[in-house]
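Chain A is the first sequence line, chain B the second, and so forth, proteins listed ahead of strands; every chain is numbered from 1. Keep in mind the model is a prediction, meaning the values are calculated, not measured.
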There are 2 protein chains.
Amino acid sequence: MKSTIPDTGVPITPPAGNGGDREENRQEASLHGEILLRLRDHVVEGNIPDGGRVPERQLCEMFGISRTPLREALKVLAAEGLIELLPNRGARVRQLSQRDLEELFDVMAGLESLAGRLACEAITDEEITAVEQLHYEMYGHYLHRDMHGYFQANQRIHESIVAAARNETLKTAYANFAGRIRRVRYSANFARKRQRWAEAMREHEAILDALRRRAGSELSDILFQHLRNKRKAAIEHLTEPHEDGPSAP
Amino acid sequence: MKSTIPDTGVPITPPAGNGGDREENRQEASLHGEILLRLRDHVVEGNIPDGGRVPERQLCEMFGISRTPLREALKVLAAEGLIELLPNRGARVRQLSQRDLEELFDVMAGLESLAGRLACEAITDEEITAVEQLHYEMYGHYLHRDMHGYFQANQRIHESIVAAARNETLKTAYANFAGRIRRVRYSANFARKRQRWAEAMREHEAILDALRRRAGSELSDILFQHLRNKRKAAIEHLTEPHEDGPSAP
DNA sequence: GAACGCTATTTCGCATTCATTTTTTGTCCT
DNA sequence: AGGACAAAAAATGAATGCGAAATAGCGTTC
């Protein structure tokens with residue numbers, strides 16, 4: 001165990017947050033592509049402490065490759081905003097300040113807002129039915145106080161809306177930003193407050209309603225507010241660590 | 001035959017800029033960063049034909065560097081969606097289908113829509129005044145049929161709104177997507193139809209009005225529609241090449 | 001005893017080198 | 001003469017080597 005890492009304040013930020021799209025279809029058979037996927041998962045899943053140093057050499061022997069393809073992968077991850085590269089000082093997993101999180105949530109809110117608007121233009125009755133199905137399922141989890149199930153159904157609903165937008169570029173950007181936030185989710189699980197939970201359910205009712213009526217502009221507003229409230233709950237949770245933990249019914 | 005080391009005597013600004021300040025851009029002092037910027041501009045400005053091959057070797061001698069930093073830059077550009085990397089077959093500038101363009105415009109619409117909403121929360125009176133200034137300037141260009149001036153003022157207005165959103169993440173993503181579209185702009189200059197031009201002016205009036213009243217939700221709607229109309233005009237222009245070319249007043 | 005400065009080791013950045021894969025070209029066969 | 005196969009040439013993907021910067025370790029000085 002090495003001594004504590006000298007925190008120099010970490011100034012230099014990655015080149016671009018980018019809403020890039022790397023949906024390149026599975027060309028990832030090449031080594032650097034393979035590494036990119038594995039390394040991204042490794043980071044997103046939180047296997048590396050926040051702001052922790054990640055020496056190239058260590059990752060190389062970890063993946064059993066040379067430095068060249070690894071460095072290429074690192075550059076890409078830096079461009080995605082997951083890590084930051086300090087000149088001559090190696091890579092660190094990017095530590096998100098509260099402000100960063102707020103910004104990310106707002107951008108996610110904007111993307112979902114857009115997704116809702118677009119979805120209203122193109123969604124089929126069958127897809128709406130599917131969302132309704134998920135909604136009721138989620139409601140069931142809510143009644144049973146099953147947070148995990150609720151969380152999953154919730155996520156699938158939002159993904160369904162994004163999918164219904166029929167916009168691959170949006171979908172990719174959405175996935176990218178979601179990845180950045182997910183890292184935080186892993187390290188600090190968002191415990192929902194009871195009150196917020198009920199509120200979220202009401203918002204979801206409104207979402208479904210607007211979607212049924214295909215009221216794009218309205219749905220756009222609701223989704224934005226929904227994510228804004230989510231952001232508020234998340235940030236509050238981070239500032240005052242735990243509010244209530246009981247996940248039991 | 002010795003390989004002369006291309007010591008171009010590039011300043012390489014030290015990793016200054018420390019402090020809590022997180023400027024997203026231009027930390028690129030390292031070679032690969034420098035190359036990334038130059039190569040991105042090179043591609044965005046359309047110096048390479050659409051779908052054209054981009055041999056590493058050629059670019060290397062063009063920039064006077066070895067392949068390693070260049071390849072790193074290529075990976076990043078691929079992640080950004082500007083080029084695509086074919087396994088063992090080199091890099092090609094990504095050819096955007098009409099569908100891709102539509103998607104990009106819609107995402108841009110979503111981001112600007114978000115920017116407008118956020119701007120209404122944080123914009124100062126001074127900033128609004130600045131936007132008004134640009135608006136009148138743009139109106140002047142409109143009256144004088146100065147398309148270039150109009151275009152620039154227009155762009156600055158949109159950038160001002162994005163800046164007023166106080167969200168660096170959004171700003172970065174916006175710049176990224178704008179870059180992808182700009183490539184198309186260069187190769188096929190969007191000639192505005194007269195009618196669309198007048199329409200755009202009216203929309204901008206509405207934008208300014210909503211911004212003055214800080215009506216976030218409303219501005220969000222207007223901006224989205226504005227970009228949607230822009231998209232329509234752009235796509236139409238691409239399908240039926242030239243409608244009117246005269247840039248002269 | 002603590003702060004400063006010097007040296008040694010580690011790590012990073014880029015160039016170069018090696019190994020496959022693709023592309024081109026030249027020849028041979030139909 | 002045209003096409004197919006094969007070998008050469010070029011280009012890509014990955015590895016290694018070398019110089020430079022940074023971190024760490026240690027000694028000296030106030």
Using atom [atom1] of [X] as one end and atom [atom2] of [N] as the other, report the distance to the nearest whole Å.
X: B:Leu86; N: C:dT21; atom1: CG; atom2: P; value: 17 Å
X: A:Asn88; N: D:dA21; atom1: CG; atom2: C1'; value: 5 Å
X: A:Arg71; N: D:dT16; atom1: CZ; atom2: C1'; value: 14 Å
X: B:Leu85; N: D:dA14; atom1: CG; atom2: P; value: 11 Å
X: A:Arg53; N: C:dT10; atom1: CZ; atom2: C1'; value: 9 Å
X: B:Leu70; N: C:dC14; atom1: CG; atom2: P; value: 12 Å
X: B:Leu74; N: D:dG13; atom1: CG; atom2: C1'; value: 13 Å
X: A:Glu72; N: D:dA14; atom1: CD; atom2: C1'; value: 8 Å

| request: Look at the side chain of B:Asp100 and the backbone N and O of B:Ser97, then say whether any donor-acceptor pair between them is shorter than 3.5 Å. | output: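 Checking the backbone N and O of B:Ser97 against the side chain of B:Asp100, a donor-acceptor pair under 3.5 Å is found.
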| said: For the backbone of A:Pro55 and the side chain of A:Gln58, can you confirm whether one donor and one acceptor N or O come within less than 3.5 Å of each other? | reply: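 Side chain of A:Gln58 to backbone of A:Pro55: no pair is present.
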Are any of the side-chain nitrogens in [X] or [Y] under 4.0 Å away from the carboxylate oxygens of its partner?
X: A:Lys230; Y: A:Glu112; answer: no
X: A:Glu80; Y: A:Arg40; answer: yes
X: A:Arg117; Y: A:Glu121; answer: no

| message | I need the residues from residues 55-64 of chain A with at least one non-hydrogen atom less than 4.0 Å from DNA chain D; give them sorted by number, or say none. | response |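 Nothing qualifies; none.
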| query | Pairs in or reaching into residues 60-69 of chain A: which pass side chain to side chain donor-acceptor pair (under 3.5 Å), with residues at least two apart or in two chains? | reply |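 Sorted pair list: A:Glu56-A:Arg67.
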Taking only side-chain nitrogens and oxygens of [X], does any of them come within less than 4.0 Å of OP1 or OP2 of [N]?
X: B:His32; N: C:dG13; answer: no
X: A:Ser66; N: D:dA15; answer: yes
X: A:Arg67; N: D:dT16; answer: no

| request: Take the angle between the ring planes of A:Phe63 and A:His42 and call it parallel below 30°, perpendicular above 60°, tilted in between. | output: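 Because their plane-to-plane angle is over 60°, the rings of A:Phe63 and A:His42 count as perpendicular.
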